[in-house]
Amino acid sequence: IRGMPLDARVLVGLEGELVNELTGVTETLGNLYPHEVNWDSADQRRKVLYGPARWTVEVERELKGRLKHDDDCNRRIRISDCDCHGAVRSGAASILRYVPPGLALPPQYVAGAVAASSGILALRAIRSRVGPTPIAEALEYRASIQHALSNNVRGLPPLVQEDGRIHPTFIQAGAFEEADADGAEAPETARIACRGPNVQNITHHGDTERLYIVEWAKKIRSAFYAPKGWRWVKCDVGREEPWIGYVVSGDERWGNDLRDGDIYKTAAAFAYGIPVESVTSEQRQIGKRMAMAWLNRARAYGVRKSATWLTYEAAERWCEVMDKNYPRLTEWHRDELIPAMYERGYVETYFGRRCPLPKVWNGPTLAEQKRGRKRTPEQVEAERECVPMVIQGTGGDILKLAIQRVDAALVSDEAYIIAPVHDELNLLVREEVLDKVGQILYHMLDGILPIPMTVEITTGGNWAEQIAWKGDAR
């Protein structure tokens, strides 16, 4: 893996655009909330979002003053050695300050946090649970701008090496990735992880409420370029996780729907209450995220992160319909995967790689739970993580096998791998050998799983501007 060429000049224009947007949204916040606030302070943001809707008083600083003897004490000794009742503080007082009214929103917490959060995840949760809140929406937009500036627009150029490329570190076995804009690390899922920088965080999708993320990501990705005479080639595994879910669970109805139709459109159609043929591409993208959340055993709360307009009850009904339509997936998780995890302390990918989850032993056994003992938070977390570890861990194994095959087939320096990103493989290929390499990539997954897997190949002058490869894949 030879690194990703980056033209830092492309990011200069985006930096100016984002700085102007940051100034504008800060002014908007000033108009929405007329009291003095440092919006960069997490504590002050929390007070605005969750504080009571009235003026309050708090101690800003306590003045301790000096110790002195009682007025009727005649002892000439040190005050610290005197037992007179005086030992009172001369000039003791406190500096108080008035705190402006807040929005009194219900506090939002992120995993592992003690205090209520005011980061991106919490702000999105407010939009999902409370509804449109102008100040929270402006804060979310502001936090997104700051994240894009610090992590990518300003964070990437200093990492360019002498060869004009950045060289991320890829952790094959999976690990906790770098913290996101909310300060929370990505959960460990046993897929290939990335650090220094985490190029897997440069999204190319987004959602209907945050289309600006898609536009920024396109501009950031366009800074990763192919040198003159070369093409940036990206090969993506079509519907990889749904197919893995079918292979590990044996849910024939899920498999038949994958073969005969568009399972993402079906999921979106039920969520929106419309016919399958009326589902738009944006709605299908939301249906995809909902289906993936359900496949990884998320329930109403996790599903609503992608479908914020759904009520909690509607999201739970949607999950129940999915459970009923695809019962074997639910049974595999409940009756096979979880008992095996409690017995062994780990789960296995399709290829037998062990993914340790020893925290499942921090609490009662399954037999003790049946007798009434409650699961510990660690066990609840392990039961939620075991499915993503199997499915996404298997996806990581497939990508590593594909890398081995492709690297062995590329016998010259006319094409080479530059980065794996989730379920896609990125290469630089000389224009004259593009069709030859395309045929290698098209067949790189043949026989890896007992079902056919589709490889979607695109090519372009950079990572963002890609068109479908039109070569002969026979």
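The first residue in the sequence is number 1, and the count goes up from there. What you see is a predicted model, and the numbers here were worked out from it, not measured in a lab.
- Residues R165 and M4 have side chains not in contact (no heavy-atom distance under 4.5 Å, counting atoms from C-beta outward).
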Just do the side-chain contact (heavy atoms from CB on, under 4.5 Å) check on W216 and V153 with the steps written out, would you?
CA-CA 10 Å; W216 300 342; V153 177; over 6 Å; no
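- Counting all heavy atoms, side chain and backbone alike, A122 lies closest to Y50 at CB-OH, 4.0 Å.
- In this structure, E465 contributes its side chain and N462 its backbone to no donor-acceptor pair below 3.5 Å.
- In this structure, OG on S222 lies 7.5 Å from CG on L11, to the nearest 0.5 angstrom.
- The closest side-chain heavy-atom distance from Y272 to I286 is below 4.5 Å.
- Of all the heavy atoms in T376 and N362, the pair that sits closest is OG1-O, 2.7 Å.
- Across all non-hydrogen atoms, the minimal contact from P242 to Y264 is CG-OH, 3.1 Å.
- For the residue pair R253 and N256, no side-chain donor N or O sits within less than 3.5 Å of a side-chain acceptor on the partner.
- When each of I338, L337, V248 is paired with V387, the side chain to side chain contact (heavy atoms under 4.5 Å, CB included) condition holds for L337 and for no other.
- W361 and E343 make their closest contact through CZ2-O, 3.9 Å (heavy atoms, listed as atom of the first residue, atom of the second, distance).
- Counting only heavy atoms from C-beta outward, the side chains of T266 and D257 never approach each other to under 4.5 Å.
- To the nearest 0.5 Å, atoms CG (D323) and OG1 (T330) are separated by 4.0 Å.
- For the pair R154 and E15, the salt-bridge criterion is met [side-chain N within less than 4.0 Å of a carboxylate O].
- Under the 3.5 Å distance criterion, the side-chain polar atoms of R328 are matched with a main-chain donor or acceptor of S249.
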Donor-acceptor contacts, no H, no angles, side chain residues 388-412, under 3.5 Å, sequence neighbours left out:
{"residue": "Q392", "atom": "OE1", "partner": "T189", "partner atom": "OG1", "Å": "3.4"}
{"residue": "Q392", "atom": "OE1", "partner": "R191", "partner atom": "NH1", "Å": "3.4"}
{"residue": "T394", "atom": "OG1", "partner": "Y350", "partner atom": "N", "Å": "3.0"}
{"residue": "T394", "atom": "OG1", "partner": "V390", "partner atom": "O", "Å": "2.6"}
{"residue": "D397", "atom": "OD1", "partner": "R353", "partner atom": "NE", "Å": "2.7"}
{"residue": "D397", "atom": "OD1", "partner": "R353", "partner atom": "NH2", "Å": "3.0"}
{"residue": "D397", "atom": "OD2", "partner": "T349", "partner atom": "OG1", "Å": "2.7"}
{"residue": "K400", "atom": "NZ", "partner": "Q172", "partner atom": "O", "Å": "3.1"}
{"residue": "R405", "atom": "NH1", "partner": "M444", "partner atom": "O", "Å": "3.0"}
{"residue": "R405", "atom": "NH1", "partner": "D446", "partner atom": "O", "Å": "2.8"}
{"residue": "R405", "atom": "NH2", "partner": "D446", "partner atom": "O", "Å": "3.3"}
{"residue": "S412", "atom": "OG", "partner": "E414", "partner atom": "N", "Å": "3.3"}

side-chain contact (heavy atoms from CB on, under 4.5 Å) between W463 and I220, intermediate numbers included
CA-CA 9 Å; W463 195 8; I220 294 169; over 6 Å; no
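- Of the inter-residue distances, the one linking K218 atom NZ with I213 atom CD1 reads 13.0 Å to the nearest 0.5 angstrom.
- At most 12 heavy atoms of other shown residues, nucleotides or ligands fall within 6.0 angstrom of atom NZ in K436.
- No side-chain heavy atom of M322 sits less than 4.5 Å from a side-chain heavy atom of F270.
- A salt bridge links D413 with R2; the closest basic N to acidic carboxylate O contact falls under 4.0 Å.
- In this structure, W294 and Y326 have tilted ring planes: the angle between them lies in the 30° to 60° band.
- The closest donor-acceptor contact from the side chain of R239 to the backbone of L258 lies under 3.5 Å.
- No side-chain heavy atom of E17 sits less than 4.5 Å from a side-chain heavy atom of E215.
- Note that OH of Y246 is 13.0 Å distant from CH2 of W254, once rounded to the nearest 0.5 Å.
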Could you pull out every donor-acceptor pair under 3.5 Å between side chains of residues 131-139 and any protein atom, sequence neighbours left out?
{"residue": "T133", "atom": "OG1", "partner": "G131", "partner atom": "O", "Å": "3.2"}

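- Under the 3.5 Å distance criterion, the side-chain polar atoms of Q108 are left unmatched by any main-chain donor or acceptor of L123.
- Between L357 and Y342, the closest side-chain pair of non-hydrogen atoms is not below 4.5 Å.
- The distance from the CG atom of N152 to the CG atom of L14 is 9.0 Å, given to the nearest 0.5 Å.
- Of the possible donor and acceptor atoms, none in the side chain of E424 sits under 3.5 Å from a partner among the backbone N and O of V421.
- A side-chain donor-acceptor contact under 3.5 Å links Q466 to the backbone of T459.
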I would like to know whether N296 and E241 meet side-chain contact (heavy atoms from CB on, under 4.5 Å); could you show each step before the answer?
CA-CA 9 Å; N296 285 284; E241 289 187 21; 3.6 Å; yes
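- Between W469 and Y442, the ring-plane angle classifies as tilted under the 30° and 60° cut-offs.
- Counting only distance, with no hydrogens or angles, the side chain of R45 and the backbone of W39 share a donor-acceptor pair below 3.5 Å.
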Apply side-chain contact (heavy atoms from CB on, under 4.5 Å) to F351 and L449, showing your working.
CA-CA 10 Å; F351 299 96; L449 289 180; 4.0 Å; yes
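- Ion pairing between a basic and an acidic side chain is recognised when a charged N comes within 4.0 Å of a carboxylate O; R373 and E368 show such pairing.
- A side-chain donor-acceptor contact under 3.5 Å links N426 to the backbone of A419.
- Considering all non-hydrogen atoms of both residues, G302 and A293 come closest at O-CB, 4.4 Å.
- In this structure, the side chain of Q369 does not engage the main chain of R375 through any donor-acceptor pair within 3.5 Å.
- Under the 4.5 Å side-chain criterion, counting only non-hydrogen atoms from C-beta, I202 is not in contact with P197.
- Rounding to the nearest 0.5 Å gives a distance of 9.0 Å between SG of C194 and NE2 of H422.
- Using a distance-only test at 3.5 Å, with no hydrogens or angles considered, no donor-acceptor pair links the side chain of E456 to the main chain of D236.
- Within the 4.5 Å cutoff, no side-chain heavy atoms of R299 are placed close to those of Y312.
- For the residue pair L427 and L425, the shortest heavy atom distance occurs at CD1-O, 3.9 Å.
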